Protein chains: 2
Amino acid sequence: MSEKYKEILEHSYQLFAENGFDQTSMSLIAKQTGITKPAIYYYFNSKEKLIQTLFGHIIDEIKFNNFFNPLEYTKDNFISKLTEDGIKMMDKQLQDPYYNKIMNEYYVLSSRDAHYAKALNTVLHEFLEGFLNLLKLAQKYGLLSEKDIQTKAEFLTIIVDGLDKYSNEEYDLDPVAIWAFSVKSIFY
Amino acid sequence: MSEKYKEILEHSYQLFAENGFDQTSMSLIAKQTGITKPAIYYYFNSKEKLIQTLFGHIIDEIKFNNFFNPLEYTKDNFISKLTEDGIKMMDKQLQDPYYNKIMNEYYVLSSRDAHYAKALNTVLHEFLEGFLNLLKLAQKYGLLSEKDIQTKAEFLTIIVDGLDKYSNEEYDLDPVAIWAFSVKSIFY
DNA sequence: GTCTATAAGCAGATAGAC
DNA sequence: GTCTATCTGCTTATAGAC
């Protein structure tokens, strides 16, 4: 892929996050990238295509396996490892000031466009299955009863998603404490 | 307040939820309301003013006290009552197909406009304080240790918010089970 | 590949008649 | 209060030169 192509995507990411899709014109993206509008249309047939392409790249970054690796979980480290990995995930997404904002944009899009809804649903289910597998492993280690496994996986998925939303300075919640408590509460 | 004024707000609510603020023109709102665009400007100075006014009305509906009343909580019914009220809240918001979508719109707005951010933060803190008071009551009843009270209140707030988001047919999670589990997990 | 110039349309908002 | 008509500006997108 060409260098300009990547640059356009990078500036789009930032500008869409800051202003939203509708309030970010192709002209503004062009200006920020240091080219003109028709140059963007050379790489992307339409604004919608640009938004879709960007979405594909973002989706690839938020796979469950990028944050949680079952192979690293032993009987002894299980609870602390799960706590730790969740915190690392929050930290990573906090370091990108645009991540949360642009995800909100795509979440709104998904409520009106089945294409986006389907993709975000897939991400959700990867987390669901990921946590489910992790909890089954915990069960094998004898750390967990088989009861409520499905609910507990859904529970963790929702918490992870929610903490993301509230993990910034605007809200004075304590996401780390909440996650630690959540993890602890499934091992009773 | 005039009848037309209310009608404009009602149609705005629906259209903003369905299409988003930017994709909903004043012309469309006028058309749906059965009037012309200048008639809307007679009631609202600007589109922004319309969006703000609507926001004020919505905010009034999502106060903690509309869903949870501490006076109804006794030592015996506490856990089941808390579970029940949470479910009622989800049900109520599910019955309005526009609620979630328009709240997403305002949430996105809040990430760019301090006015909206402040108001939504207030709502969040009312829930936080509400749950905190409820948990202190539970503590008085001897149902709870004083440990982690703050974290547990934040925990419930985030769960309630997250369940809202995933309480619709698109996602095959089981919000009732998750809420029930969450409530149970704070009384160990 | 990247540009200048431009098309075609819709947005928010208002003037002024009734 | 509500209308018709209109202004101004910005939007996505393209034609065609270099």
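Quick note on labels: first sequence line is chain A, next is B, and so on, each numbered from 1. The structure displayed is predicted, hence computed values, not measured ones.
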Contact residues, residues 34-55 of chain A to DNA chain C [heavy atom, < 4.0 Å]: A:Ile35, A:Thr36, A:Pro38, A:Ala39, A:Tyr42, A:Tyr43
Ionic contact status for B:Glu126 with B:Lys63, cut-off 4.0 Å: yes
Carboxylate-amine/guanidinium contact A:Glu10 A:Lys6, below 4.0 Å: no
Quiz question: by atom type and distance under 3.5 Å, do the side chains of [X] and [Y] form a donor-acceptor pair?
X	Y	value
A:Asp22	B:Gln23	yes
B:Asp113	B:Tyr106	no
B:Asn77	B:Thr74	yes

Option among B:Leu54, B:Leu9, B:Ile29 that satisfies the side chain to side chain contact (heavy atoms under 4.5 Å, CB included) test with B:Phe44: B:Leu9
Contact residues, residues 8-27 of chain B to DNA chain D [heavy atom, < 4.0 Å]: none
Parallel, tilted or perpendicular, as decided by the 30° and 60° cut-offs, for the rings of B:Trp179 and B:Phe68: tilted
Heavy-atom donor-acceptor pair, B:Thr33 side chain to B:Ile35 backbone, under 3.5 Å: no
Separation of atom NZ in A:Lys31 from atom C1' in C:dT2, rounded to whole Å: 19 Å
